[in-house]
Engineer: 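After the structure tokens below, expect a handful of questions from me.
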Amino acid sequence: MNYRNKLTQLLLATALVTGLGAMFPAAANAQGVAYPGMTITTGESICSVGATGHMGEAKYAVTAAHCFQEGRRVYDENGRLIGWYEQSHGDDATIGGIGFALIRLAAGVGVSASLGNFGIESTYTDARVGQEVCHVGWATNWTCGRVSEVGDTFFVADFAADKGDSGGIVYFPTPQGRAAFLGIVIGTLESGGVLVESANYLRDAIDAHAQGPDHFRWYVE
């Protein structure tokens, strides 16, 4: 498994064209709602949200570690301020380096566990080989595929993904027509497929490395 120590192509945050940052005024008021799969930008790069959660009263959107830009304000695709990059762990350059980036949501920003017509009902499900999973992200929107391999901290799936999808939610459609949160997109592999950080490992990593008033908890519906 030659990708365990080497990711040849991360789905890095997409660089924006010159001047796009002017769409996001420095004094923009915090508003809108943070939710799984949404587009996020600092004005210089684009990533996607995996899921939302909280530590005590502090609310967060979670994305991939390599999306982190310390202290930078984060906006939605309509230029509304939702918060700022507060802390991170890892760099996603290797399997052992996968981690997280936390966006502290600003006062006045709503938070949701909904993907539109259905919501996340479970966050403790593990992926299985052969299982159908789906992904939501900026570049490829909604795509689905199957799990080809499962590791202790990750799994590999064959759905389509591209730059800007980093951090986007990966989920399993439940028989009840809802979603079980399985993980977030990290990058593509030289052996093929998309590397996904598992939701259970992601939660444990946040608990182990983030500084907050309480244990980290995902939002569910």
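The chain is numbered in sequence order, starting from 1.
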Engineer: Looking at V111, I40, V33, which one forms a side-chain contact (heavy atoms from CB on, under 4.5 Å) with I82?
Structural biologist: I40
Engineer: Under 4.5 Å between side-chain heavy atoms, hopping through other hydrophobics if needed: is there a path connecting I120 to W142?
Structural biologist: yes
Engineer: Closest heavy-atom contact between L115 and A179?
Structural biologist: CD1-CB, 4.5 Å
Engineer: Which atom pair, heavy atoms only, marks the closest approach of A127 to V150?
Structural biologist: O-CG2, 3.6 Å
Engineer: Please say whether more than 12 non-hydrogen atoms of neighbouring residues, nucleotides or ligands are located less than 6.0 Å from CD in E70.
Structural biologist: no
Engineer: Is there a side-chain contact between L202 and V62, using heavy atoms and a 4.5 Å cut-off?
Structural biologist: yes
Engineer: Can you see which heavy atom on P36 is nearest to which on S114, and at what distance?
Structural biologist: CD-O, 3.5 Å
Engineer: Is any side-chain heavy atom of E121 less than 4.5 Å from a side-chain heavy atom of T174?
Structural biologist: yes
Engineer: Hey, does F172 have a side-chain heavy atom less than 4.5 Å from the side chain of V147?
Structural biologist: no
Engineer: Can you tell me how far NZ of K59 sits from CD1 of I103, rounded to the nearest 0.5 angstrom?
Structural biologist: 15.5 Å
Engineer: Is a donor on one side and an acceptor on the other found under 3.5 Å between the side chain of D92 and the backbone of A65?
Structural biologist: yes
Engineer: Is it the case that the side chain of D91 and the backbone of H66 share a donor-acceptor pair, with hydrogens and angles ignored and the cut-off at 3.5 Å?
Structural biologist: no
Engineer: Quick check for you: to the nearest 0.5 Å, what is the distance between F216 atom CZ and L102 atom CG?
Structural biologist: 6.0 Å
Engineer: Assess the residue pair D165 and T140 against the criterion (side-chain hydrogen bond (donor to acceptor under 3.5 Å, both in side chains)); give the C-alpha distance rounded to whole Å, side-chain angles, the decisive distance to 0.1 Å, and a yes or no.
Structural biologist: CA-CA 7 Å; D165 285 335; T140 53; 2.7 Å; yes
Engineer: Among the clusters formed by ILVMFWY side chains lying less than 4.5 Å apart, do V170 and Y124 turn up in the same one?
Structural biologist: no
Engineer: Do you know which two heavy atoms are closest between T123 and R203, and how far apart they sit?
Structural biologist: O-NH1, 4.3 Å
Engineer: Could you measure the distance from the OG atom of S198 to the CD1 atom of I186? Nearest 0.5 Å is fine.
Structural biologist: 10.0 Å
Engineer: Is there a side-chain contact between T39 and I46 (heavy atoms, below 4.5 Å)?
Structural biologist: yes
Engineer: Looking only at non-hydrogen atoms, find the nearest pair between E132 and C144 and report the distance.
Structural biologist: OE2-CB, 4.0 Å
Engineer: Provide the closest heavy-atom pair for S48 versus G164 in the form atom of the first, atom of the second, distance.
Structural biologist: OG-O, 2.9 Å
Engineer: Please report the interatomic distance NE2(H89) to CD(Q211), rounded to the nearest 0.5 Å.
Structural biologist: 12.5 Å
Engineer: Under the side-chain contact (heavy atoms from CB on, under 4.5 Å) criterion, do D126 and N200 qualify, and how do the steps go?
Structural biologist: CA-CA 8 Å; D126 290 319; N200 286 334; 2.7 Å; yes
Engineer: For residues W84 and M38: do they belong to one hydrophobic cluster (side chain heavy atoms under 4.5 Å, members Ile, Leu, Val, Met, Phe, Trp, Tyr)?
Structural biologist: no
Engineer: Any chance you could lay out the side-chain contact (heavy atoms from CB on, under 4.5 Å) test for S148 and V156, step after step, and finish with the verdict?
Structural biologist: CA-CA 6 Å; S148 60; V156 180; 3.5 Å; yes
Engineer: Atom CD of Q87 and atom CD1 of I206: how far apart are they, to the nearest 0.5 Å?
Structural biologist: 9.0 Å
Engineer: Please check if the number of heavy atoms outside R217 that lie under 6.0 Å from its CZ is greater than 12.
Structural biologist: yes
Engineer: Quick one: which of F159, F118, W218, F181 gives a ring-ring contact (aromatic ring centres under 6.0 Å, His included) with Y171?
Structural biologist: F118
Engineer: Is there a donor-acceptor contact under 3.5 Å from the side chain of T52 to the main chain of A61?
Structural biologist: no
Engineer: After noting the C-alpha distance and the side-chain angles of T41 and V74, does the key distance pass the side-chain contact (heavy atoms from CB on, under 4.5 Å) rule?
Structural biologist: CA-CA 6 Å; T41 178; V74 180; over 6 Å; no
Engineer: Can any side-chain N or O of R178 pair as donor or acceptor with the backbone N or O of E221 at less than 3.5 Å?
Structural biologist: yes
Engineer: Do Q69 and S45 come close enough that some side-chain heavy atom pair is under 4.5 Å?
Structural biologist: yes
Engineer: Check whether any side-chain heavy atom of Q131 lies under 4.5 Å from a side-chain heavy atom of F155, and answer yes or no.
Structural biologist: no
Engineer: Is any side-chain heavy atom of Y85 less than 4.5 Å from a side-chain heavy atom of T42?
Structural biologist: yes
Engineer: Rounded to the nearest 0.5 Å, how far apart are OG of S112 and OH of Y35?
Structural biologist: 9.0 Å
Engineer: Between the side chain of N78 and the main-chain N/O of R80, is any donor-acceptor distance below 3.5 Å?
Structural biologist: no
Engineer: Before we go on, tell me: are the rings of Y60 and H54 under 6.0 Å apart, centre to centre?
Structural biologist: no
Engineer: Are side-chain heavy atoms of V133 and V196 found at a separation under 4.5 Å?
Structural biologist: no
